[in-house]
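Everything on this sheet refers to the single structure shown next.
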Amino acid sequence: MVSTDRLAAFAALSLLLIVVPGPSVLFVIGRALAHGRRAALTSVAGNTLGAYVLVVAVALGVGSVVERSVLVFTALKLAGAAYLVHLGVKAWRQRGSLRAAFTGTDGPAHGGLRTLAEGFAVGVANPKTIVFFAAVLPQFVDRGQGHVPAQMLLLGLVFNAIALASDSAWGLVASAARGWFARSPRRLAAVGGVGGLTMIGLGVTVAATGRKD
């Protein structure tokens, strides 16, 4: 249903968004530092489930409205692009705040189900993911092939597979290198700064590309 070219382009854009430290990544890092590797990976699992709920919502509801209306699509795309730029600028200006994720504590370790549920809540409420699925996902659907909801579900599965791998890597690295990061606030600021610039670039890309019909 979805061509290889579209899948590859969507995967590349997804990776660009996913690797940027945002709410999900910071949550996973915080869990890794406060409670260790198992809590971090459980949080990743919950986060991924939450994100896929957004995919289903877009595929079965919002996505169909966006797909039929150029006006709605354009308005949503520009709003999404502006919000991504806003997040990027905010991340750049507050890049030093990443230190809190590496030095904060969350108290005693939570049970697995609670950690999973909290990860799910973060995933389903992540503004970056909501904007991406609502404004960007429909651009990669081949309407001529039909089965638009199924195409969105497939693309969402690709996004979540990449997110699962990336967020797990963040959690593992954070749990293994917590001491190295904690010794240098500049290292934390660099992570936030690069993430902010990447978000700004992604927002500009979203605004400049898309449907022409």
Side-chain angles (χ1 to χ4, degrees), residues 10-55 80 83-106 110 115-133 136 156 158-182 184-203 205-206:
F10 181 77
L13 196 57
S14 297
L15 179 62
L16 180 63
L17 177 77
I18 289 167
V19 297
V20 174
S24 296
V25 170
L26 291 180
F27 180 76
V28 170
I29 288 173
R31 290 296 165 180
L33 297 172
H35 303 306
R37 181 174 60 184
R38 178 176 295 181
L41 295 181
T42 302
S43 299
V44 170
N47 191 284
T48 303
L49 290 174
Y52 202 70
V53 167
L54 295 177
V55 174
Y83 189 67
L84 289 171
V85 171
H86 166 73
L87 289 177
V89 172
K90 184 177 180 180
W92 172 260
R93 295 179 62 183
Q94 300 179 354
R95 55 193 181 278
S97 65
L98 261 180
R99 185 177 184 181
F102 287 82
T103 58
T105 57
D106 295 328
H110 296 160
T115 300
L116 185 72
E118 290 176 345
F120 178 88
V122 171
V124 81
N126 187 341
K128 283 203 315 181
T129 307
I130 293 171
V131 168
F132 186 79
F133 287 155
V136 178
V158 170
F159 179 96
N160 277 273
I162 297 172
L164 182 64
S166 177
D167 290 355
S168 295
W170 273 107
L172 292 174
V173 169
S175 62
R178 64 182 70 182
W180 186 83
F181 277 105
S184 176
R186 289 185 178 181
R187 293 167 185 162
L188 306 182
V191 172
V194 171
L197 291 176
T198 305
M199 287 291 292
I200 293 172
L202 180 59
T205 300
V206 169

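What's counted below: heavy atoms across the whole structure, side chains too, no hydrogens, waters or symmetry copies. What you see is a predicted model, and the numbers here were worked out from it, not measured in a lab.
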What pair of heavy atoms forms the shortest contact from [X] to [Y], and how long is it?
X      : Y      : value
Gly171 : Ala40  : CA-CB, 4.1 Å
Leu164 : Ser168 : O-OG, 2.6 Å
Leu54  : Gly123 : CD1-O, 3.6 Å
Val28  : Ser43  : CG2-CB, 4.5 Å

I need the [X] [atom1] to [Y] [atom2] distance, nearest 0.5 Å.
X      : Y      : atom1 : atom2 : answer
Ile162 : Leu15  : CD1   : CG    : 6.0 Å
Leu16  : Phe132 : CG    : CZ    : 8.5 Å
Asn47  : Thr115 : CG    : OG1   : 13.0 Å

- [ ] Quick one: do Asp167 and Ile18 satisfy side chain to side chain contact (heavy atoms under 4.5 Å, CB included)? Show the steps, please.
- [x] CA-CA 8 Å; Asp167 290 355; Ile18 289 167; 4.2 Å; yes

Open item on the list: Under a 3.5 Å distance rule, please check whether Ser175 uses its side chain to pair with a backbone N or O of Leu172 as donor and acceptor.
Closed with: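 Indeed, once roles are kept as given, a pair shorter than 3.5 Å links the two residues.
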
Task: Mutual orientation of the aromatic rings belonging to Phe10 and Phe159 [parallel < 30°, tilted 30-60°, perpendicular > 60°] - done: tilted

Task: Validation row: Leu13, Leu17 side chains within 4.5 angstrom (heavy atoms) - done: no

